[in-house]
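Treat the numbers as computed from the prediction; the structure is a model and nothing was measured.
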Amino acid sequence: MKILFSPSETKIAGGDEISFDKNSFIFPELFEKRMEIVKQYNDFITTASKEELIKLFGTKKEDVLEQYSKDLFKTPTMKVIQRYDGVAFDYLEYSKLKENEKYYIDENVLIFSNLFGVLKAGDKGLPDYKLKQGETFFDLKIEKFYMDNFSKALNEYLKDEDIIDLRAGFYEKFYKIEKPYTTMKFIKDGKVVSHWAKAYRGIILKLLAKNGIKTIDELMSMEIENLKIEEIKKSKLKTEIVYSIF
């Protein structure tokens with residue numbers, strides 16, 4: 001089973017004084033292709049005006065602008081899953097998991113970075129970067145670039161796997177799943193909820209790891225506190241589990 005997951009805009013700072021290379025990420029054969037985007041990002045942030053950085057990063061805070069306009073290739077790196085912060089990652093509580101549960105996350109979760117494209121949670125070598133969702137630089141179509149150049153490798157990688165798609169809708173632009181998969185929606189009092197959707201994605205990911213879930217059938221029988229299945233919708237390749245929060 002593989003779980004597709006969103007990144008977060010907030011990151012954990014710091015890391016090891018080691019730069020990334022072709023062995024840092026999934027699909028090393030596509031490293032140079034990935035670097036086409038990363039190198040142009042680096043060129044942009046190290047030469048951009050303050051106004052351009054404000055737009056790219058989505059903030060006017062001076063300390064943040066200074067922090068994220070440094071040479072990315074000289075920035076400390078860390079494991080992908082440990083780099084990301086934010087609601088879903090807060091509820092995942094990766095650092096509190098047992099070693100076998102961390103291994104489950106490292107090996108089975110794919111995170112779709114706005115800048116680096118698809119990454120395995122256990123990949124080592126992710127620098128602390130900032131790129132506001134939907135923003136770009138040099139008029140690049142980043143989502144289309146990764147869709148065009150990484151979809152074939154992803155299709156092959158996922159061909160024999162059950163797939164749970166826990167990504168926010170935006171990240172479907174990076175990769176369209178071409179086989180049957182399962183996704184989830186969270187409602188409260190009949191309305192779709194945003195904050196709690198992020199929280200429950202993290203909670204469910206933690207439960208998948210704790211229970212060592214390997215198939216969709218095992219997922220369907222898994223108890224989730226404060227959630228009940230309201231309905232299951234099927235449309236073409238997608239099966240959507242609608243959970244009600246109570």
Side-chain angles (χ1 to χ4, degrees), residues 1-9 26-27 84 86-89 91-92 104-105 107-114 117-121 133-134 141-209 211-246:
M1 170 177 282
K2 300 300 179 196
I3 304 105
L4 312 190
F5 214 68
S6 300
S8 63
E9 289 199 13
I26 191 174
F27 307 134
Y84 290 107
V87 176
F89 295 90
Y91 279 86
L92 170 60
Y104 178 98
I105 298 291
E107 290 300 310
N108 297 310
V109 176
L110 298 175
I111 299 175
F112 287 74
S113 160
N114 290 329
V118 62
L119 303 166
K120 269 178 69 174
Q133 182 178 296
K141 306 295 184 187
I142 301 172
E143 306 92 54
K144 186 177 186 302
F145 175 89
Y146 282 113
M147 176 79 81
D148 291 347
N149 290 289
F150 281 70
S151 289
K152 183 179 178 180
L154 271 165
N155 287 341
E156 181 65 21
Y157 183 77
L158 296 169
K159 68 179 182 180
D160 297 321
E161 302 280 356
D162 280 0
I163 300 172
I164 301 176
D165 188 4
L166 295 180
R167 297 176 298 173
F170 175 79
Y171 295 95
E172 294 174 11
K173 297 177 182 179
F174 286 76
Y175 174 63
K176 182 180 179 182
I177 305 169
E178 297 185 1
K179 57 173 289 185
Y181 66 98
T182 300
T183 187
M184 300 174 184
K185 181 184 286 186
F186 304 92
I187 61 173
K188 187 175 178 64
D189 300 325
K191 297 179 180 178
V192 177
V193 288
S194 176
H195 174 85
W196 282 109
K198 294 177 182 178
Y200 273 106
R201 286 179 190 131
I203 290 169
I204 286 171
L205 185 53
K206 177 165 62 176
L207 289 172
L208 292 172
N211 290 282
I213 299 298
K214 295 182 176 66
T215 66
I216 298 300
D217 289 340
E218 290 178 6
L219 164 69
M220 296 302 293
S221 61
M222 186 176 76
E223 290 287 328
I224 307 173
E225 189 176 359
N226 297 327
L227 289 186
K228 70 173 182 178
I229 296 176
E230 202 68 37
E231 62 177 316
I232 297 174
K233 300 178 180 178
K234 294 197 175 186
S235 174
K236 297 181 180 178
L237 297 176
K238 180 169 79 170
T239 297
E240 181 181 65
I241 307 172
V242 181
Y243 287 104
S244 180
I245 302 171
F246 61 92

- [ ] May I have the step-by-step check of side-chain contact (heavy atoms from CB on, under 4.5 Å) for Lys120 and Glu107, ending in yes or no?
- [x] CA-CA 7 Å; Lys120 269 178 69 174; Glu107 290 300 310; 3.0 Å; yes
Open item on the list: Leu110 vs Leu154, test: side-chain contact (heavy atoms from CB on, under 4.5 Å). Steps then yes/no.
Closed with: CA-CA 10 Å; Leu110 298 175; Leu154 271 165; 3.9 Å; yes
Open item on the list: Under a 4.0 Å threshold between the charged nitrogen and the carboxylate oxygen, would Asp189 count as salt-bridged to Lys191?
Closed with: no
Open item on the list: Angle between ring planes, Tyr146 versus Phe174, binned at 30° and 60°: parallel, tilted or perpendicular?
Closed with: parallel
Open item on the list: I need the single residue from Phe27, Tyr175, Phe150 that forms a ring pair (Phe, Tyr, Trp, His ring centres under 6.0 Å) with Tyr157. Which is it?
Closed with: Phe27
Open item on the list: Using a 3.5 Å distance criterion without hydrogens, assess whether the side chain of Glu9 forms a donor-acceptor pair with backbone atoms of Gln133.
Closed with: yes
TODO: Mark yes or no for whether Ser244, through its side chain, and Lys228, through its backbone, hold a donor-acceptor pair below 3.5 Å.
DONE: no
Restricting to non-hydrogen atoms, name the atom on [X] and the atom on [Y] that form the minimum distance, rounded to 0.1 Å.
X: Asn149; Y: Phe145; value: ND2-O, 2.8 Å
X: Val87; Y: Ala199; value: CG1-N, 3.6 Å
X: Ser6; Y: Arg167; value: OG-CA, 3.3 Å
X: Glu161; Y: Met1; value: OE1-N, 2.7 Å
X: Leu4; Y: Asp165; value: CB-OD1, 3.7 Å

Task: Stepwise side-chain contact (heavy atoms from CB on, under 4.5 Å) check, Asp148 with Lys141 - done: CA-CA 11 Å; Asp148 291 347; Lys141 306 295 184 187; over 6 Å; no
